[in-house]
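Residue numbers run from 1 in the order of the sequence given. What you are looking at is a predicted structure, and each value in this text was computed from that prediction instead of being measured.
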Amino acid sequence: MPADPAQEAASGDFPGAVAEVTAVAARALDVLAARGASLAVAESLTGGLVAGALTGVPGASRVFRGSVTAYATALKRDILGVDGALLDARGAVDAEVARQMARGVRRVLGAHWGIATTGVAGPDPQDGQPVGTVFVAVAGPGGAGGVRRLTLDGDRERIRRDTVAAALALLVSELTENAAAQDTEQRGEF
């Protein structure tokens, strides 16, 4: 069985981490373009780095609609539609928060697919979660998608970089392994 691409990309134990992120971003954009699908991104701890990785690839405008950097918890609720009671109960560093962010950015920006990142890059813990606790989520048509919890090591920069790699790898995994989502996209449904 092959290694989990999201964990593999987030490991950071390979040479050329930046080149790897660029390659995964290009792969995601190519698959989306081949399907005629669009993408939006909701970011918290990555602060625009996922959008930057995507827009660094020539031709990204074929599929990339835009991003929302919802660093403040209130923006996750007010712009992305994350449930306020959920945020009050669990804080922003949570799997369901990530899932709702990905769904919310799809809706707000009118995209077929959404990616979301939330977590703790450090230097201090947040919402009772230690540094390196990260959730990445992908949401697609017909309920497709998934959430991954990551436990990352390193300084703030490395945690953020590894989160970008993991989010993009999760998107590629969902796009290439989810036949139901492909069928739904071909019918033009969101």
Side-chain angles (χ1 to χ4, degrees), residues 5-7 9-12 17-18 21 24-25 28 38-56 60 64-140 145-174:
Q7 277 301 121
S11 71
V18 173
V21 167
V24 175
S38 57
L39 176 65
V41 178
E43 301 187 63
S44 186
L45 84 148
T46 49
L49 294 174
V50 176
L54 290 163
T55 58
F64 185 65
R65 295 201 38 88
S67 64
V68 173
T69 300
Y71 210 67
T73 300
L75 296 179
K76 292 172 182 67
R77 179 193 64 232
D78 297 344
I79 295 173
L80 298 174
V82 176
D83 181 51
L86 172 66
L87 289 166
D88 290 343
R90 298 188 199 167
V93 183
D94 180 78
E96 184 58 28
V97 170
R99 182 184 329 276
Q100 289 186 22
M101 288 173 65
R103 289 176 178 163
V105 80
R106 279 186 72 224
R107 178 183 42 75
V108 169
L109 298 184
H112 294 95
W113 288 88
I115 301 174
T117 66
T118 188
V120 187
D124 300 315
Q126 178 185 336
D127 297 332
Q129 300 286 351
V131 172
T133 303
V134 172
F135 295 92
V136 294
V138 171
V147 178
R148 294 273 166 77
R149 179 189 175 115
L150 306 169
T151 303
L152 302 173
D153 294 321
D155 62 11
R156 183 176 177 82
E157 181 181 339
R158 177 157 179 185
I159 290 169
R160 289 166 31 108
R161 184 196 71 215
D162 290 352
T163 299
V164 172
L168 292 170
L170 178 59
L171 175 63
V172 169
S173 176
E174 288 294 322

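Using modelled atom types and a 3.5 Å distance limit, the side chains of T46 and T117 yield a donor-acceptor pair.
Taking CG of L80 as the start and CZ of R103 as the end, the distance is 13.5 Å to the nearest 0.5 Å. Interatomic distance, OG1 of T73 versus CG of L87, reported as 6.5 Å (0.5 Å rounding). With rounding to the nearest 0.5 Å, the separation of CD in Q129 from CZ in F135 is 5.5 Å.
By the 4.5 Å heavy-atom criterion applied to side chains, L75 and T69 are not counted as neighbours. The closest side-chain heavy-atom distance from L150 to D162 is not below 4.5 Å.
Shortest non-hydrogen contact noted between A121 and V131 is O-CG1, 3.8 Å. Nearest approach of V82 to Q100, heavy atoms of both residues: CA-OE1, 3.3 Å. Among all heavy-atom pairs drawn from V41 and F64, the shortest one is CG2-CE1, 3.6 Å. Residues V24 and A169 approach most closely at CG1-N, 3.6 Å, considering heavy atoms. Here the closest heavy-atom approach between residue G146 and residue L170 is recorded as O-CD2, 3.8 Å. Across all non-hydrogen atoms, the minimal contact from G91 to V97 is O-CG2, 3.5 Å.
Side chain of K76 to main chain of G81: no donor-acceptor pair is present (N/O by atom type, distance under 3.5 Å, no hydrogens or angles). Of the possible polar contacts, none joining the T133 side chain to the G119 backbone as a donor-acceptor pair under 3.5 Å is found. Of the possible donor and acceptor atoms, none in the side chain of R65 sits under 3.5 Å from a partner among the backbone N and O of L39. A donor-acceptor pair is defined here as one N or O able to donate and one able to accept, closer than 3.5 Å; no such pair exists between the side chain of E174 and the backbone of G140. Under the 3.5 Å distance criterion, the side-chain polar atoms of T163 are matched with a main-chain donor or acceptor of I159. Counting only distance, with no hydrogens or angles, the side chain of E43 and the backbone of S67 share no donor-acceptor pair below 3.5 Å. Between the side chain of R77 and the backbone N or O of A85, no donor-acceptor pair lies under 3.5 Å. The backbone N or O of S44 lies less than 3.5 Å from no partner atom in the side chain of T118, so there is not a single donor-acceptor pair.
Other residues, nucleotides and ligands place more than 12 heavy atoms under 6.0 Å from the CG atom of D155.
Of the residues listed (V138, V136, V21), the one engaging L168 in a side chain to side chain contact (heavy atoms under 4.5 Å, CB included) is V21, and it is the only one.
Of the charged side-chain nitrogens involved, at least one lies within less than 4.0 Å of a carboxylate oxygen, so that E96 and R99 count as a salt-bridged pair.
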